[in-house]
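Each chain gets a letter, A, B and so on, in the order its sequence line appears, and its residues count up from 1. Note that the structure is predicted; figures quoted are calculated from it, not measured.
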Amino acid sequence: MAAKKVTVSYNPAVIEPKWQSVWQKQKLFSPDLGKSKKPYYNLMMFPYPSAEGLHAGNMYAFTGADIWGRYQRMKGNDVFEPMGLDGFGIHSENYAIKINEHPTEVSKRTEERFYSQLQATGNAFDWTRTLETYDPDYYRWTQWIFIQMFKHGLAYRQKAKVNWCPSCLTVLADEQVIAGECERCKSVVEQRDLEQWFFKITDYADRLLDNLEKINWTEKIKIAQRNWIGRSYGAEVKFKVASREAKQLTTDTLTCFTTRPDTLYGTTFMVIAPDSPLVVTLTTEAQKEVVSDYIKQQQTISAPNLGSQGETLRSQNQDKSGVFTGAYVVNPANNKDIPVYISNYVVSGYGSEAVMGVPAHDQRDFEMASKYNLDIVSTIKSEKETDQDLQEAYVGEGTIINSGDWNGLSWPRDREKILSSLEENGWGKKMTTYHLRDWLISRQRYWGPPIPMIYCQACADRGDSWFITDEAERMVEGNGIKNLKFEISNSAASAAGWYPAPEDQLPVELPYIENYRPTGTGKSPLAQDEKFINVKCPGCGSDARRETDVSDTFLDSAWYFLRYPSVTKNLKFKISNLKLKSKSKEENVESLPWDEEITKHWLPVDMYIGGAEHSVLHLMYSRFVTMALHDWGHLDFEEPFTRFFAHGLLICEGTKMSKSKGNVIVPDAYIKKYGADTLRLYLMFLSPFNQGGDFRDTGMEGMFKFLNRVWRLVQKSISNSQFSISNEQERLIHKAIKRVTEDLEGLRYNRAISGIMEYVNSLEELNSKFKIQNSKVENGISKEAGETLLKLFAPFAPHMTEELWNELGHKESIHFAPWPEYDPVLVIDEVVSISVQVNGKYRGVVVVSADEANNQKVVEERARSFEFVAKYLTSEPKKVIFVPGKTINFVV
RNA sequence: GCCGGGGUGGUGGAACGGCAGACACGCACGCCUCAAGAGCGUGUAAUCGCAUAGAUUGUGAGAGUUCGAAUCUCUCCCCCGGCACCA
C-alpha cells in the first residue's frame, strides 16, 4: 500500500508561528471568565522588562508554569493564564538611565519586544488580558490601594532612619538591603533621617505567620517568611532607675524585652544601643564625654562610604565593646543595682533597644561581662562548672537556681508560670515582638505611581487632616471594622495636614519630566514640576502641595493578580467600578479595581509559580495587601495564592546569569534555530524544575533530534492508521500514561520527559520487531499509541503536537483533548523479576509470572534451581527472607 | 553562628529500604552514503580479565540500625541558597 501522504520533515519555523496565530485568532486560551465551570487560575510572576529583552531565566520559569497550565486544561479545567509587565519602578528606570533614554520611550520599546518574544515561546497566555503596571488605568488602582491604606490607618508618615542608597539616590526597604548593600547596585547603604510613608504591615504579623499553616506552599518559602516575621514570645521587664542618679536623668525607667524571663535574677547589667534615644536620657553628666566619644567611634566604624573596607570594619565591629553610661537601674527581682552600658551589639529598631545582660546564659552578654569584669550569676543549673570558671554561657534548658521563689522550676517547661509570676510581682508583662518592620513605601524617584497625597500647611497648622472629615466619620461608624476607630485616631495624630487625592480624580498622573534622573537631595524629580505640585486642599480649599515621592515598585506587584481577570482589552473602562469616570453622582457608587463577580469566581489564585528570590518581598507584600483588602470587605478570601511552587534558578555555565557577567542568554536565537518546542523541552529536561539548571549549549541538538523522532513516528502511524493495537502496545500506553501523569502532578518535568522518551523508545523497538515479522507493513504503531503519545507530549511541545494532531484529522485543538487515563490492570507487568540475594548481596534475578511473584515457595524453588544461586548455597541457609514481588534473600 | 537544599560515571541527572547509574548529553566503533550531514545500530562507572565468562570495588568521609542502605540514624567535611549581634 502506498503512503497517502508525502512525509513532511519537521519544520518548527513554519508550524510554530502558524499555530500561534491560529490560537490567538480563535482566542483559544482566552476563556470566557464569566461562564467558566471549572475555573483554574494559573499564574506566574510577571517579568520586569528592564533589560535587552526576555532572558532564558524568564523562559525557564514561564515554560514550567505553562506546562502546568496546559496539563490542568487537559484535565478539564478552564485555565486562565495571564501575562503582563512589571514595568514601573526602579529597575526599569535604572535601565533607562543607563542607556540614556526616557523611561516612557524605553517602556514603549520593551513592551513591544517582550510581548513579541513571549508570543514566540508558545505559552498559552490570554493575550486579551495583559496589563502593565505603568499604565494609568492600572496605577490609578495602585494609588487607590494607597489611599485605602491611609484611610484605614495603615499608612502613616514618620521621620525615620532609613536606608539610603547613595548610587540609586533613593531610600530602600529593609528587604532591599543585602548585607549592608543595595540589592540592585551593590553600593554600601547609608542611614538617613527622612520623613517617609510607611504601611503598617506589622499589624498583620501574627496573621501573616499563622496563615502559613493553611496554604500549600513550597516549604522553604514558608520557612523564609517565618524567619523574616521573626516572632518571639517573652516578657517586657521594667527596670527602675536607681535612686542615686534619678535626679539628674530624664527618665525613671528602662524597659527591655527578653525571651528568657527565667534568667531575670541573673541579670547583672543592662545594655542599650548606641544610636538609641535612650543614650541621651540615661547618660550621667560625668560620663557624657566618654559616651560621646564612644558614639562617634561607632559611627565611624559603621560609616557607609568606606566601600569594600566597610565590610572589614563591620566584621571587626563584631567584637563586643561598650561604655558605661554612669546610670544604674534596679533589677526588680532581687533589688540589686546594676550598671547600664552602651554597646554595639544591641541593634536599634528592635524591641525597646535595650537588653538585659545575663552573662551566664547568653554568649554575647558573657563576652561583654568578661571584657568589663561584670558579675556572672548562674540561674540555670548547668551541672559541671561553677560561675567562676565558666568558659562560655550556658544557653540550654535546666532547673532554675539562685532565683528566689522560682528555684526548682524548670526551663522551658515552666515558662508560663514564670511569666505569670513576673506579672503578679509587677516586674513586667508578657509580650511578643517581631523582626518584621513596617513597609517603607516612599521612593524619591520618578518612574512610579505618584503617592496620591496632598499636604495643606493651613490644615496642618490647625491640626486638621482627612481624619476629621465627614467621610472619615462615616467610615468609622459604617464599617464596623474592629479597631478602625483606634487606628484612625492614632493615625490622625501624625497625619496633620494630609489628605488623600479625591478618589474620583484618580489617577494622579505621572507628569512627563524631561530630566527624570534622581536628584540626590532626598526629593523626587517630581518636586521640580510646579504644575504637578500645586493643588487646592481637598479639606479647606487653600493652596496645598502634592506629595512628590512615588511608591515602591513592590506595591505595583502586590495586587496585579487581582486585576488580571478583570482586564478587558479595548473596553478598559467598561467594568462596573469604573463608573467613577461618569459625572453622574448616582452611578458613583462602589469603586473597586476589579469586577466583583469575576473575582469571586476566579480568585484566589490556584497555582502561583515563581522564583524563590521573592520569598520575603513580593510574596509577603501580596499577602498583606490581600489581607487588608479582605478586612475592608472587598475580598472574600485573605490568602491570595492557595498554592505556590518555587522553581529553581537557571544558571549559565555554573554561575548566575547577570548583565555584568555578560552571560545572559536570550532565547531568540535558539528559538530561531530549533523552535520553541525544542527549547522548552531542553530547559525542562535539564534538571528538576524546583532545583534549577545549568544552561549549556550542548544538549539542545539532542532534544531537537528527539522531536524529529516523534515527528517521524507519528507521521508514519498516520499513513498506517488501520493498524490495530496489540496487547503489548496497550501495556506500553498505560504505563506511559501512569508515569507521565504522576510526574506532572509533582512538577517533575525532567522525569516526565524521560518517561515519554522511554515510551517512544519502546514503541520503536516494538515496531522494529514487528517489521521483521511482517515486512509488508511499514509501521506498527497503532492510532491509540500515536495519539496517546501526542497527548502526553502536548504540554511540553505544544506546537508540534498540535500540528500532528491536526494531521491525524482532529478538528479540535489537542490542548483541549482530555488527558488520558490509565487502566490499573494494564500497568501491572505480566512477568516480574525478583532479585535474588545471598547474604544481602545481589546475585541475579528470577523471572516469574505476576501471580507467582507473591508465592515464596515458587520463587524460592526457582531461585535455588539456578547455578548462580546454588553455588553459594553450600549448606542449607539459616534464614530465607522473602519480600513478595521484590526480592528473596538467602542468609547462609 | 542559625535555617533550608545538596554532594551519585567524562557531563546533566534516575532510583529515595530490595538488580545503583533510568533517560539524555558527550565519546568510540560500525551500518548507510561517491562524500558530508541526517538517520540507524552497538558499546560506554572503575579495576582484574581474551571474554558480550566471571569476580572485586564503588553513591563526600566515618560509624550505626537492618537479612539487605545512595535511600533511615548519628558525627564530620565540602558546595549552593536564605537569615544573621533580634536579646
Exercise for review: Report the residues that fulfil side chain to side chain contact (heavy atoms under 4.5 Å, CB included) with A:L649, sequence neighbours left out, ordered by chain and then residue number.
Suggested key: A:I651, A:K656
**Study point:** Selected nucleotide, minimal atom distance to A:R712 side chain, candidates B:U56, B:A87, B:G39
**Key:** B:G39
Study note, to complete from the structure: Residue pair A:V891/A:V347 against RNA chain B: nearer the 5' end by closest nucleotide is A:V891
Restricting both atoms to N or O, compile the protein contacts to nucleotides 4-11 of chain B shorter than 3.5 Å, with distance only.
none

Point to revise | Reading 5' to 3' through nucleotides 19-27 of chain B, protein heavy-atom contacts under 4.0 Å coded B for base, S for sugar-phosphate only, - for none | key: BS-BBSS--
Review point. Between A:Y265 and A:N331, do the side chains contain an N or O donor and an N or O acceptor separated by less than 3.5 Å?
Key: no
Review point. B:A55 phosphate, OP1 or OP2: any side-chain N/O from A:K871 under 4.0 angstrom?
Key: yes
Practice item. Just jot down the side chain to side chain contact (heavy atoms under 4.5 Å, CB included) partners of A:D829, sequence neighbours excluded, or say none. Key: A:K735
**Study point:** A:N344, nearest nucleotide to its side chain (from B:C85, B:A55, B:A87)
**Key:** B:C85
Practice item. Only counting residues at least two apart or in another chain, list the ones meeting side chain to side chain contact (heavy atoms under 4.5 Å, CB included) with A:N690. Key: A:F645, A:P688
Exercise for review: Take atom CZ of A:F868 and atom P of B:G54, then tell me their distance rounded to the nearest Å.
Suggested key: 11 Å
Point to revise | Partner set under ring pair (Phe, Tyr, Trp, His ring centres under 6.0 Å) for A:Y350, not counting sequence neighbours | key: none
Check your understanding: What interatomic distance, in whole Å, is found between C1' of B:U8 and the corresponding atom of B:U59?
Key -> 4 Å
Point to revise | Span that lies between the C1' atom of B:G41 and that of B:U73, in whole angstrom | key: 48 Å
Check your understanding: Between A:D743 (side chain) and A:R748 (backbone), is there a donor-acceptor pair under 3.5 Å?
Key -> no
Review point. Say you pick atom C1' in B:G26 and the same atom in B:G62; how far apart are they, in whole Å?
Key: 35 Å
Practice item. Would you mind reading off the distance between A:Y10 atom OH and B:A38 atom C1', rounded to a whole angstrom? Key: 16 Å
Exercise for review: May I have the distance from A:I221 (atom CD1) to B:C3 (atom C1'), rounded to whole angstrom?
Suggested key: 13 Å
**Study point:** Separation of B:G81 P from A:N690 CG (nearest whole Å)
**Key:** 17 Å
Check your understanding: With a non-hydrogen cut-off below 4.0 angstrom, is A:V271 in contact with a base, only sugar-phosphate, or nothing?
Key -> nothing
Study note, to complete from the structure: Its glycosidic angle compared against 90° from 0, B:G9 adopts the form syn
Check your understanding: Given the P atoms of B:U56 and B:C74, what is the spacing between them in whole Å?
Key -> 32 Å
**Study point:** Neighbour count above 12 (heavy atom, 6.0 Å) for A:K222 NZ
**Key:** yes
Exercise for review: Step by step, work out the ring-ring contact (aromatic ring centres under 6.0 Å, His included) result for A:Y682 and A:F704.
Suggested key: CA-CA 9 Å; A:Y682 168 71; A:F704 184 65; over 10 Å; no
Point to revise | Interatomic distance, A:K878 NZ vs B:G68 C1' [rounded to whole Å] | key: 15 Å
Report all side-chain donor-acceptor pairs from residues 752-759 of chain A shorter than 3.5 Å, counting only partners two or more places apart or in another chain.
| unit_1 | atom_1 | unit_2 | atom_2 | d |
| --- | --- | --- | --- | --- |
| A:S754 | OG | A:R739 | NH2 | 3.0 |
| A:S754 | OG | A:R751 | O | 2.9 |
| A:Y759 | OH | A:A785 | O | 2.8 |

Review point. B:A38 P sits how many Å from A:N11 CG, rounded?
Key: 17 Å
Point to revise | ring pair (Phe, Tyr, Trp, His ring centres under 6.0 Å) involving A:F644 - partner list, sequence neighbours excluded | key: A:W217, A:Y608
Check your understanding: Taking the side chain as C-beta and beyond, is there a heavy-atom pair between A:V880 and A:I888 under 4.5 Å?
Key -> yes
Practice item. Provide, to the nearest angstrom, the distance between the CD1 atom belonging to A:I651 and the P atom belonging to B:C79. Key: 16 Å
Practice item. May I ask you to say what A:I881 touches in the nucleic acid, namely base, sugar-phosphate or nothing, with a heavy-atom cut-off under 4.0 Å? Key: base
Practice item. Would you please name every residue forming a salt bridge (Lys or Arg N to Asp or Glu O under 4.0 Å) with A:E701, sequence neighbours left out? Key: none
Practice item. For B:G49 and B:G39, measure between their C1' atoms and round to the nearest Å. Key: 36 Å
Practice item. Assess whether one donor atom and one acceptor atom, taken from the side chain of A:N227 and the base of B:C83, lie less than 3.5 Å apart. Key: no
Review point. For the side chain of A:P688, counting heavy atoms from C-beta on, which of B:G13, B:G68, B:U56 is nearest?
Key: B:G13
Point to revise | Spacing of the C1' atoms in B:G12 and B:G18 (rounded, Å) | key: 27 Å
Practice item. Pick the P atom in B:C32 and in B:A53, then give their distance to the nearest Å. Key: 28 Å
Check your understanding: With sugar-phosphate meaning primed atoms plus P, OP1 and OP2, does A:Y749 contact a base, only sugar-phosphate, or nothing at under 4.0 Å between heavy atoms?
Key -> nothing
Review point. Given the P atoms of B:G37 and B:C50, what is the spacing between them in whole Å?
Key: 35 Å
Point to revise | Residue pairs passing the side-chain hydrogen bond (donor to acceptor under 3.5 Å, both in side chains) test where at least one lies in residues 877-887 of chain A, sequence neighbours excluded | key: A:S835-A:T887
Check your understanding: Dot-bracket for RNA chain B, 5' to 3', with Watson-Crick and G-U pairs under 3.5 Å, [ ] for crossing pairs and | for other-strand pairs: what is it?
Key -> (((((((..(((.....[....)))((((((.......))))))((((.....))))..(((((..]....))))))))))))....
Point to revise | ring-ring contact (aromatic ring centres under 6.0 Å, His included) contacts in which one or both residues fall within residues 864-892 of chain A, not counting sequence neighbours | key: A:F866-A:F868
Exercise for review: Mind calculating the distance between NZ (A:K886) and C1' (B:U71) to the nearest angstrom?
Suggested key: 13 Å
